[in-house]
Amino acid sequence: MNLAFTESQLPVRIRFEQPLSDDALARFSSENDPLRIERDSNGELIVMTPLHSDSGAIEGEILFELARWARTDGRGKIFSSSAGFTLPDGSMRAPDASWISLARWNALTRAQQQSYAPICPEFIIEVRSNSDRLINLEAKMEMWIANGAELAWLIDPERKTVSIYRPGDNPELLHDPTSVQGTGPVAGFELILSRIWQ
């Protein structure tokens, strides 16, 4: 099924009679490239527009910094926004950037790693683009924490804020920080924000 939407109509939600399996979702996503498609815990598909160029550049910068740190640190593996994960609530979500410890990643079978892996990353970064509604992203951050993420950052370049989510705590809001420090699973990671705020 090929979808045709104008950018102003996105994101949209699509409900099928039966939720799509992971294989069917992968085929559906491939047929509708470059749309970004996730599945929520109710089986509804969330169809989103590709990123605008400036948001893609910011995402790329963040992923580069996380990858550079992870390679030096050596304890985990990083994933881009193209990687989807099947979460405990049954949803399939793809964060803008994420990190999983090697111990947890290597505990998965090869078949699981080659699918929408049944694992929630320990560390999540989501970047707000100018087309994202803040209330939807805040709900998504809470969803990450509820599914097992130990640390999640919501970076809003327009407002120059970083919201930090941790299990059992209210979000911590930083206004125009020069950097943000990783804790818990990514202790030692520091994201310098001067390039992000440009």
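All heavy atoms count here, side chains included; hydrogens, waters and symmetry mates do not.
Linking ILVMFWY residues whenever their side-chain heavy atoms come closer than 4.5 Å, directly or via other members, leaves V47 and L137 in distinct clusters. Grouping the Ile, Leu, Val, Met, Phe, Trp and Tyr side chains by contacts below 4.5 angstrom, directly or via other members, places L154 apart from V180. Under the 4.5 Å side-chain heavy-atom criterion for grouping Ile, Leu, Val, Met, Phe, Trp and Tyr, W99 is not connected to M143 through any hydrophobic cluster.
L102 meets the side-chain contact (heavy atoms from CB on, under 4.5 Å) test with K77, N106; sequence neighbours excluded. Looking at residues two or more places apart in sequence or on another chain, you find a side-chain contact (heavy atoms from CB on, under 4.5 Å) between N42 and R15, D40. A search for side chain to side chain donor-acceptor pair (under 3.5 Å) contacts involving R75 returns D73, not counting sequence neighbours. Listed by chain and number, the residues in a side chain to side chain donor-acceptor pair (under 3.5 Å) with S115 amount to none (sequence neighbours excluded). Listed by chain and residue number, D22, R39, M92, Y116 satisfy the side-chain contact (heavy atoms from CB on, under 4.5 Å) test with T86 (two or more places apart in sequence, or in another chain). Under the rule for a side-chain contact (heavy atoms from CB on, under 4.5 Å), the partners of E172 that lie at least two apart in sequence or sit in another chain are I164, R166, L174. Applying the salt bridge (charged side-chain N to carboxylate O under 4.0 Å, His left out) criterion to E65, with sequence neighbours excluded, gives R68, R195. Applying the ring pair (Phe, Tyr, Trp, His ring centres under 6.0 Å) test to F79 and every residue at least two apart in sequence or in another chain returns F85, W105. Qualifying side chain to side chain donor-acceptor pair (under 3.5 Å) partners for T72, counting only residues two or more places apart in sequence or in other chains: none. Residues satisfying the side chain to side chain donor-acceptor pair (under 3.5 Å) criterion with E142, sequence neighbours excluded, are absent altogether.
The minimum heavy-atom distance between L66 and A97, with the atom names listed, is CD2-CB, 4.2 Å.
With a 4.5 Å cut-off on side-chain heavy atoms, L45 and L25 count as touching. With a 4.5 Å cut-off on side-chain heavy atoms, R159 and L134 count as touching. Side-chain contact between L191 and I62: present, with at least one pair of heavy atoms (C-beta onward) separated by less than 4.5 Å. Between P157 and V127, the closest side-chain pair of non-hydrogen atoms falls below 4.5 Å. Here the side chains of I155 and R128 are not in contact, with every heavy-atom distance at 4.5 Å or above. Residues E138 and M141 have side chains not in contact (no heavy-atom distance under 4.5 Å, counting atoms from C-beta outward). Side chains of H175 and L173 form a contact here, defined as non-hydrogen atoms less than 4.5 Å apart. Contact of the L193 side chain with the P177 side chain is registered, since non-hydrogen atoms from C-beta on lie closer than 4.5 Å.
Screening residues 148-167 for ring pair (Phe, Tyr, Trp, His ring centres under 6.0 Å) gives F123-W153, W153-F189 as the qualifying pairs, with residues at least two apart or on separate chains. The salt bridge (charged side-chain N to carboxylate O under 4.0 Å, His left out) analysis of residues 113-122, with sequence neighbours excluded, yields the pairs R104-E122.
Listed for the Q112 side chain is a donor-acceptor partner under 3.5 Å among the backbone atoms of T109. The main-chain N or O of S41 is never found under 3.5 Å from a side-chain atom of D89 such that the two would form a donor-acceptor pair. At distances below 3.5 Å, at least one donor-acceptor pair connects side-chain atoms of S80 with backbone N or O atoms of S82.
For the residue pair W144 / E126, a side-chain donor-acceptor distance below 3.5 Å is found, with atom types taken as modelled.
The number of heavy atoms from other shown groups lying within 6.0 Å of CG (N170) does not exceed 12. Summarising the local packing, CD of Q18 is surrounded by 12 or fewer heavy atoms from other residues, nucleotides or ligands at distances under 6.0 Å.
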